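Heads up: numbering here begins at 1 and tracks the sequence. Fair warning: this is a prediction, and the values are worked out from it, not measured in the lab.
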Amino acid sequence: AALQASLMLFRLQFFSRVMPNTQFALVDQLREVIASVQYYLIFLIIIILGYATSFHILFRYDQESHEEFATFGSSFIQMVGWAFGGPELPSLYAGDVRNPFTACLLGVSFAFIMGLVLMNLLIGLMTNCLDKVTSKQDVKSLLSKAQIIDELESTIPYQAFDAFPKYVHVLRVDPDK
């Protein structure tokens, strides 16, 4: 039931994108933005994998005091958490750690590279892509109306067509004009 409710929200979004107050099609525009920054996201994942591998190797002898780096999977999850929530640098040199300087150096470099540089660059790229996507909103609104009309006409039973006037819906989409 929870999955069905979530899917119904996407269906509601599909039909509401032709309304004048809700012409922002969230799912469509999110898909286009992610497609435009997909290689950057892959680059971010590769960097996170590199740091996860580094911390896993660094703490291979200190697994009792640092269980979050005991396996590669847990190291990756920890790095993703650090990328979005900020690293916990004091835990890197607390306790019985064999290489506290290296751990702190890796932690600070991860915080600087991910937190300050790459995440802010990602925000800028996504904003730029969203501006490009929303620049042709009027053409996409007409196309959405045509898709809704087609969807409704295909789901209405053929007996109900006698009650509706016979109109031909024509839509010419030319984004260059």
Side-chain angles (χ1 to χ4, degrees), residues 1-17 22-137 139-141 143-144 147 175:
L3 179 64
Q4 190 175 22
S6 299
L7 292 176
M8 287 300 291
L9 283 173
F10 287 115
R11 196 67 177 162
L12 176 66
Q13 186 271 332
F14 174 76
F15 285 111
S16 70
R17 64 184 177 173
T22 60
Q23 286 186 351
F24 184 76
L26 175 69
V27 175
D28 297 334
Q29 299 205 358
L30 186 62
R31 183 178 55 229
E32 289 182 34
V33 167
I34 288 176
S36 64
V37 295
Q38 67 183 351
Y39 295 114
Y40 186 79
L41 293 175
I42 291 171
F43 177 69
L44 282 178
I45 290 173
I46 289 172
I47 288 178
I48 290 173
L49 285 171
Y51 273 100
T53 305
S54 299
F55 277 108
H56 176 64
I57 291 171
L58 182 66
F59 289 117
R60 68 183 175 270
Y61 298 117
D62 301 324
Q63 291 181 0
E64 294 83 26
S65 61
H66 293 285
E67 295 104 17
E68 65 268 15
F69 300 113
T71 64
F72 179 73
S74 63
S75 297
F76 179 73
I77 297 298
Q78 184 71 22
M79 289 295 103
V80 170
W82 282 11
F84 295 118
E88 299 170 7
L89 296 178
S91 68
L92 295 178
Y93 56 84
D96 188 24
V97 178
R98 293 181 192 233
N99 297 315
F101 178 75
T102 309
C104 288
L105 187 66
L106 273 174
V108 168
S109 68
F110 182 80
F112 178 75
I113 290 172
M114 289 300 291
L116 295 177
V117 179
L118 295 178
M119 287 299 173
N120 287 328
L121 184 61
L122 177 65
I123 291 169
L125 285 173
M126 291 180 85
T127 304
N128 188 23
C129 292
L130 188 61
D131 289 341
K132 288 179 184 176
V133 167
T134 57
S135 66
K136 298 177 183 175
Q137 188 65 30
V139 173
K140 290 179 183 178
S141 175
L143 185 60
S144 295
Q147 288 173 341

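- At a threshold of 4.5 Å between non-hydrogen side-chain atoms, the residues Leu41 and Gln38 do not count as touching.
- Phe76 pairs by the ring pair (Phe, Tyr, Trp, His ring centres under 6.0 Å) definition with nothing, not counting sequence neighbours.
- Residues Trp82 and Ile48 fail the side-chain proximity criterion, which asks for heavy atoms closer than 4.5 Å.
- Annotation for Leu58 and Ala103: closest pair CD2-CA, 3.5 Å, computed over non-hydrogen atoms.
- Taking the six-membered ring where tryptophan is involved, the planes of Phe59 and Phe69 are essentially parallel, since the angle between them stays under 30° and well short of 60°.
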Side-chain donor-acceptor contacts of residues 107-126 below 3.5 Å, not counting sequence neighbours, with atom names and distances?
unit_1: Ser109; atom_1: OG; unit_2: Tyr51; atom_2: OH; d: 3.0
unit_1: Ser109; atom_1: OG; unit_2: Leu105; atom_2: O; d: 3.2
unit_1: Ser109; atom_1: OG; unit_2: Leu106; atom_2: O; d: 2.9
unit_1: Asn120; atom_1: ND2; unit_2: Leu116; atom_2: O; d: 2.7

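- Within 6.0 Å of atom CZ in Phe43, 12 or fewer heavy atoms from other residues, nucleotides or ligands are found, so the atom counts as exposed in its surroundings.
- Distance CG/Leu49 to CD1/Ile42: 11.5 Å, rounded to 0.5 Å.
- Here the closest non-hydrogen pair linking Ser75 and Ala52 is CB-O, 3.5 Å.
- Summarising the local packing, CZ of Phe72 is surrounded by more than 12 heavy atoms from other residues, nucleotides or ligands at distances under 6.0 Å.
- Distance OG1/Thr53 to NE2/His56: 8.0 Å, rounded to 0.5 Å.
- Contact of the Gln78 side chain with the Phe55 side chain is not registered, since no non-hydrogen atoms from C-beta on lie closer than 4.5 Å.
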